[in-house]
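Just so you know, these numbers use all the heavy atoms, side chains as well, and skip hydrogens, waters and symmetry mates. Start at 1 and go down the list; that is how both ligands and their atoms are numbered.
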Amino acid sequence: MNTIETFLKKYYGLNQNVIELAYKAQKDIEPYLKKINLIAEYNQLKVIKAMNDAGLSDYHLTDSTGYGYNDEGRDTIEKIYKSVFKAEDALVRPQIISGTHAIALCLFGVLRPHDELLSVTGTPYDTLKDVIFGKNCSSLADFGIKYSEVDLKDEKPDYEQITSKINRNTRMVLIQRSRGYGLRPSLTPDEIGKLINHIKAIKRDIICMVDNCYGEFVDIKEPIEVGADLCAGSLIKNPGGGIAPTGGYVVGKEKLIKQCSYRLSAPGIGKKCGPSLAVNRLMIQGLFFAPLVVKEALKGAIFTSRFMELAGFRVLPKYEEKRGDIVTAVVFGDKNLLINFCRGIQKAGPVDSHISPEPWDMPGYNHQVIMAGGSFIQGSSIELSVDAPIREPYVAYIQGGINYTHVKLGVMKAFQELLDRNLMNMKKLSP
Ligand SMILES: *Cc1c(COP(=O)(O)O)cnc(C)c1O
């Protein structure tokens with residue numbers, strides 16, 4: 001232990017009391033890690049079995065070019081996703097460039113003019129705002145697709161309002177599992193299932209679509225298993241295991257996946273084209289690693305919650321609460337604290353640790369956003385990362401971490417940064 005302490009002090013400038021705070025946090029969270037180990041073990045078995053069943057073979061790990069006809073590796077990856085997510089079909093491609101793109105495919109693939117999309121978890125994730133109701137940007141609204149939303153009530157879905165908002169045009173309901181840039185809790189698969197049952201009891205043929213970003217492998221069930229018709233996410237988040245270099249996935253009903261595929265490539269072409277370039281091995285190896293990596297990220301998230309709570313900040317969720325995603329929100333209430341915390345995280349990143357992040361106008365976001373990472377894959381947020389819109393109440397959304405040690409180092413270093421700049425004072429903390 002002493003060797004570790006000496007190392008942290010000598011090379012990362014950590015004070016004894018920061019290290020002690022981390023020891024305390026680590027001790028407090030111990031009982032909560034057991035459950036996570038079990039979930040990860042189950043999910044690992046599920047992934048291996050899916051690979052066995054699909055007959056994954058060495059020759060599937062090679063690449064294809066051009067049109068990508070008969071790319072058996074690509075098709076096998078989709079078979080494996082379909083099986084892991086218990087779906088009728090899957091679309092898993094490097095040509096899906098992000099989570100936003102994957103979700104947009106679902107919306108544009110399925111919705112038609114005069115249809116209505118109803119978000120039942122409040123305003124959707126920031127980057128989806130332009131997709132859904134942007135003006136003159138080829139949004140759903142530009143194509144005459146209507147939109148309405150129901151805010152959460154006491155941080156939970158408002159069943160009464162949802163019932164009253166569903167009408168004959170309501171064709172799709174959007175459920176966001178993760179908190180996004182908000183302070184509400186994430187939804188667990190069981191809560192999503194209950195919500196879907198409620199919606200389908202009102203109107204059987206409503207398509208229930210789940211934005212599953214940051215949710216994959218956090219639980220033993222995924223949204224399709226609790227009744228979702230479509231579910232989408234990013235491969236540089238949980239299911240890519242920190243190895244997939246890009247990509248997104250959509251899983252769900254066969255008919256709907258076909259529609260999404262026509263939107264991704266072109267009508268008539270659908271899933272049959274799309275070269276995997278050189279990423280088949282990385283995508284599939286990433287999926288193999290994903291349960292393990294999500295486990296490390298979750299351990300890190302629980303540590304972060306407890307450490308930052310002990311350091312005097314409001315955190316969501318608390319370390320003892322059940323999680324539906326890998327994100328921890330820390331409320332800083334002050335721009336300077338927030339920015340310097342992000343800079344501290346960056347200092348412990350494996351890549352670009354010498355670079356200091358600045359708030360910038362990111363495409364798709366309406367506020368300036370600061371992002372700290374130092375990741376191997378650009379913008380990857382299954383790797384330890386913090387993003388924060390520069391707006392009140394100055395909340396940092398911390399997620400990812402390929403390994404627990406890195407998360408602990410990052411959080412300790414970030415807090416040390418606040419002490420070194422006299423933005424925080426250890427003496428003010430209750431013992
Ligand atoms: C990250 C995220 C998205 C968008 O994914 P990108 O890959 O950043 O485009 C959408 N919804 C939620 C809840 C997310 O966390």
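Where the criterion is an N or O separation shorter than 3.5 Å, residue side chain and backbone included, Gly99 meets it with respect to ligand 1. Polar contact check, Thr127 against ligand 1: no nitrogen or oxygen pair lies under 3.5 Å apart. Geometrically, ligand 1 and Ser178 share no nitrogen or oxygen pair separated by less than 3.5 Å.
Screening Gln95, Arg93, His101 for a side-chain contact (heavy atoms from CB on, under 4.5 Å) involving Ile97 leaves a single residue, His101. Among the candidates Tyr181, Tyr214, Phe332, the single residue satisfying the ring-ring contact (aromatic ring centres under 6.0 Å, His included) test with Tyr397 is Tyr181.
No donor-acceptor pair closer than 3.5 Å links the side chain of Gln399 to the backbone N or O of Val327.
Using a cut-off of 4.0 Å between Lys/Arg side-chain N and Asp/Glu carboxylate O, Lys322 and Asp219 are scored as salt-bridged.
Using the six-membered ring where Trp is involved, Phe415 and Phe313 have ring planes that are perpendicular, over 60° apart on the 30 and 60° scheme.
Atom 13 (C) of ligand 1 has Asp211 OD2, 3.4 Å as its closest protein atom, hydrogens excluded (heavy atom only).
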Test log, rule ring-ring contact (aromatic ring centres under 6.0 Å, His included), inputs Tyr319 and Phe307
CA-CA 9 Å; Tyr319 73 105; Phe307 181 93; over 10 Å; no

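The ligand atoms of ligand 1 that sit less than 4.0 angstrom from a heavy atom of Thr100 are 4 (C), 5 (O), 6 (P), 9 (O). For ligand 1, the atoms lying closer than 4.0 Å to a non-hydrogen atom of Tyr214 are 15 (O). Within the listing of ligand 1, atoms 1 (C), 2 (C), 3 (C), 4 (C), 5 (O), 14 (C), 15 (O) sit less than 4.0 angstrom from a heavy atom of Lys237.
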